[in-house]
Every structure is written in C-alpha cells, then in structure tokens.
Student: 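Can you keep this structure in mind? I'll have questions shortly.
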Amino acid sequence: QVHVVESGGGSVQAGGSLTLSCSVSGYASSRDRMAWFRQAPGKEREGVASIYNGGSSTFYVDSVKGRFTISGDSAKNTVYLQMNSLKPEDTGMYYCAAAIPRRSGYVLNPTLYNYWGQGTQVTVSS
C-alpha cells in the first residue's frame, strides 16, 4: 500500500510564493518517479513537474520553467514544489502522484501514475 499526502496550499497574490509538500509512505520512496499535477475548474489535469531518483532527473512543463522547482528529501520521504512568481493562471487543485513501479513514457502523462494524493488548493489573485 502506498500513501501520498499533499500539504502547503493556500491563497496568495500574484508574484507571491508557495511551497507544496508531498509525503510518501508505504511501499514507496521519494526517490521513485513522482510528479505534481494541477487542475483548474473546467480544465483537464495538467502535469507541472516530475522528479526521479531524488532529483537526478527533473522535468517541467514550459509554463512553469524558471518559476517552479521540484525537489526531494529522501530522509523525510517528501517531495516539494517551490512555486515563485505565481500567476493567476497557476490557480488550481494541485495533486502529487507516484508511479510505482516506474514505467516508460512522457513523465507528465497522468496515466503513468498510479498513486495519487487528495490534492491541495492553490489560489492566486491578481
């Protein structure tokens, strides 16, 4: 059994910052393939950032490059998403997901991931 729990969402003004945390437990490790996704009302779930092997491999969707940073702490079995220079279009429910066992494919394809958290809301006001 794998458990994924997100925290750290909230409301900020445009230009502000937030850090999301994703705690992984059970038959999983933060060194596994992990990713953050987001979903705005009426829109499809979108991959934001992915990490593997504790950070040796990271990948970002173009819209967040240079603003968001994904990282992992294997000692705490936690993955983080540091979000800077937030924009109103970053608003949405943010989900953390794990792909166990790791499968090949586009790393921000949600179908690659089989364990999901309950989500944490991020709201950015203009």
Side-chain angles (χ1 to χ4, degrees):
Q1 188 74 8
V2 174
H3 296 282
V4 178
V5 180
E6 306 97 334
S7 61
S11 297
V12 295
Q13 289 192 328
S17 298
L18 280 174
T19 299
L20 306 183
S21 300
C22 173
S23 175
V24 184
S25 61
Y27 295 101
S29 162
S30 61
R31 301 183 70 84
D32 288 306
R33 168 68 66 186
M34 305 287 296
W36 286 96
F37 293 82
R38 65 187 179 190
Q39 189 166 19
K43 294 189 176 181
E44 290 188 355
R45 191 166 295 189
E46 173 192 35
V48 175
S50 175
I51 187 170
Y52 175 65
N53 199 21
S56 64
S57 172
T58 58
F59 186 85
Y60 300 89
V61 68
D62 285 346
S63 60
V64 307
K65 285 180 180 177
R67 301 189 298 122
F68 291 11
T69 303
I70 190 169
S71 62
D73 185 334
S74 57
K76 296 182 179 180
N77 246 5
T78 299
V79 172
Y80 303 97
L81 185 67
Q82 173 68 44
M83 305 184 294
N84 298 325
S85 301
L86 283 162
K87 304 176 181 179
E89 51 263 43
D90 294 318
T91 294
M93 187 69 77
Y94 281 68
Y95 298 91
C96 182
I100 302 166
R102 187 167 68 99
R103 291 177 281 177
S104 60
Y106 175 54
V107 295
L108 293 184
N109 182 344
T111 64
L112 231 58
Y113 297 82
N114 47 350
Y115 295 100
W116 293 80
Q118 80 289 350
T120 185
Q121 178 68 35
V122 172
T123 303
V124 184
S125 57
S126 57

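The figures here come from the full heavy-atom set of this structure, side chains too, leaving out hydrogens, waters and symmetry mates.
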Student: I need the minimum non-hydrogen distance between V79 and W36, along with the two atoms involved.
Tutor: CG1-NE1, 3.8 Å
Student: Got a second to check how far S11's OG is from Q121's CD, nearest 0.5 Å?
Tutor: 7.5 Å
Student: For the atom pair CZ (R103) and CG (N114), what is the distance rounded to the nearest 0.5 Å?
Tutor: 5.0 Å
Student: Please give me the minimum heavy-atom distance between S126 and A14, naming the atom from each residue.
Tutor: CA-CB, 4.3 Å
Student: Could you check whether any side-chain N or O of Y95 sits under 3.5 Å from a backbone N or O of Q39, counting only pairs where one atom can act as donor and the other as acceptor?
Tutor: no
Student: Could you please spell out the steps behind the side chain to side chain contact (heavy atoms under 4.5 Å, CB included) verdict for R33 and S57?
Tutor: CA-CA 9 Å; R33 168 68 66 186; S57 172; 4.2 Å; yes
Student: Measuring from I51:CD1 to I70:CD1, what's the distance to the nearest 0.5 Å?
Tutor: 5.0 Å
Student: Testing the basics here: between T111 and N109, what is the closest heavy-atom pair and its distance to 0.1 Å?
Tutor: OG1-OD1, 2.8 Å
Student: Using only atom types and a distance under 3.5 Å, with no angle test, would you say the side chain of S50 pairs donor to acceptor with the backbone of M34?
Tutor: yes
Student: Can you list the steps and then say if M83 with L20 is a side chain to side chain contact (heavy atoms under 4.5 Å, CB included)?
Tutor: CA-CA 8 Å; M83 305 184 294; L20 306 183; 3.7 Å; yes
Student: For a quick test of reading the model, state the closest non-hydrogen atom pair linking S17 to N84 and the distance between them.
Tutor: OG-OD1, 2.9 Å
Student: To the nearest 0.5 angstrom, please state how far the CG atom of L81 sits from the OG1 atom of T19.
Tutor: 8.0 Å
Student: Take the angle between the ring planes of F59 and Y106 and call it parallel below 30°, perpendicular above 60°, tilted in between.
Tutor: perpendicular
Student: If I take atom CG from residue L108 and atom CD from residue E46, how far apart are they, to the nearest 0.5 angstrom?
Tutor: 8.5 Å
Student: Does the distance from a Lys or Arg side-chain N to an Asp or Glu carboxylate O, for K65 and D62, drop under 4.0 Å?
Tutor: yes
Student: Are Y80 and Y52 linked, directly or through intermediate hydrophobic residues, by side-chain heavy-atom contacts shorter than 4.5 Å (ILVMFWY only)?
Tutor: no
Student: For T120, is there any backbone N or O sitting under 3.5 Å from a side-chain donor or acceptor partner on E6?
Tutor: no
Student: Measure up the F37 and Y113 rings against each other and bin them: parallel (under 30°), tilted (30 to 60°), perpendicular (over 60°).
Tutor: perpendicular
Student: Within the 3.5 Å criterion, strictly below it, is a donor on Y94 or R38 matched to an acceptor on the partner's side chain?
Tutor: yes
Student: Donor-acceptor check, side chain of N77 to backbone of V24, threshold 3.5 angstrom: yes or no?
Tutor: yes
Student: How many angstroms lie between atom CD of Q13 and atom OG1 of T123, to the nearest 0.5 angstrom?
Tutor: 12.5 Å
Student: What pair of heavy atoms forms the shortest contact from T78 to S21, and how long is it?
Tutor: CG2-CB, 4.2 Å
Student: With distance as the sole test, does N53 use its side chain to make a donor-acceptor pair with the main-chain N or O of S56 at under 3.5 Å?
Tutor: no
Student: Identify the heavy atoms of V4 and C22 that sit nearest to each other, and give their distance.
Tutor: CG1-SG, 3.5 Å
Student: How about CD on E44, more than 12 heavy atoms from neighbouring residues, nucleotides or ligands closer than 6.0 Å, or not?
Tutor: no
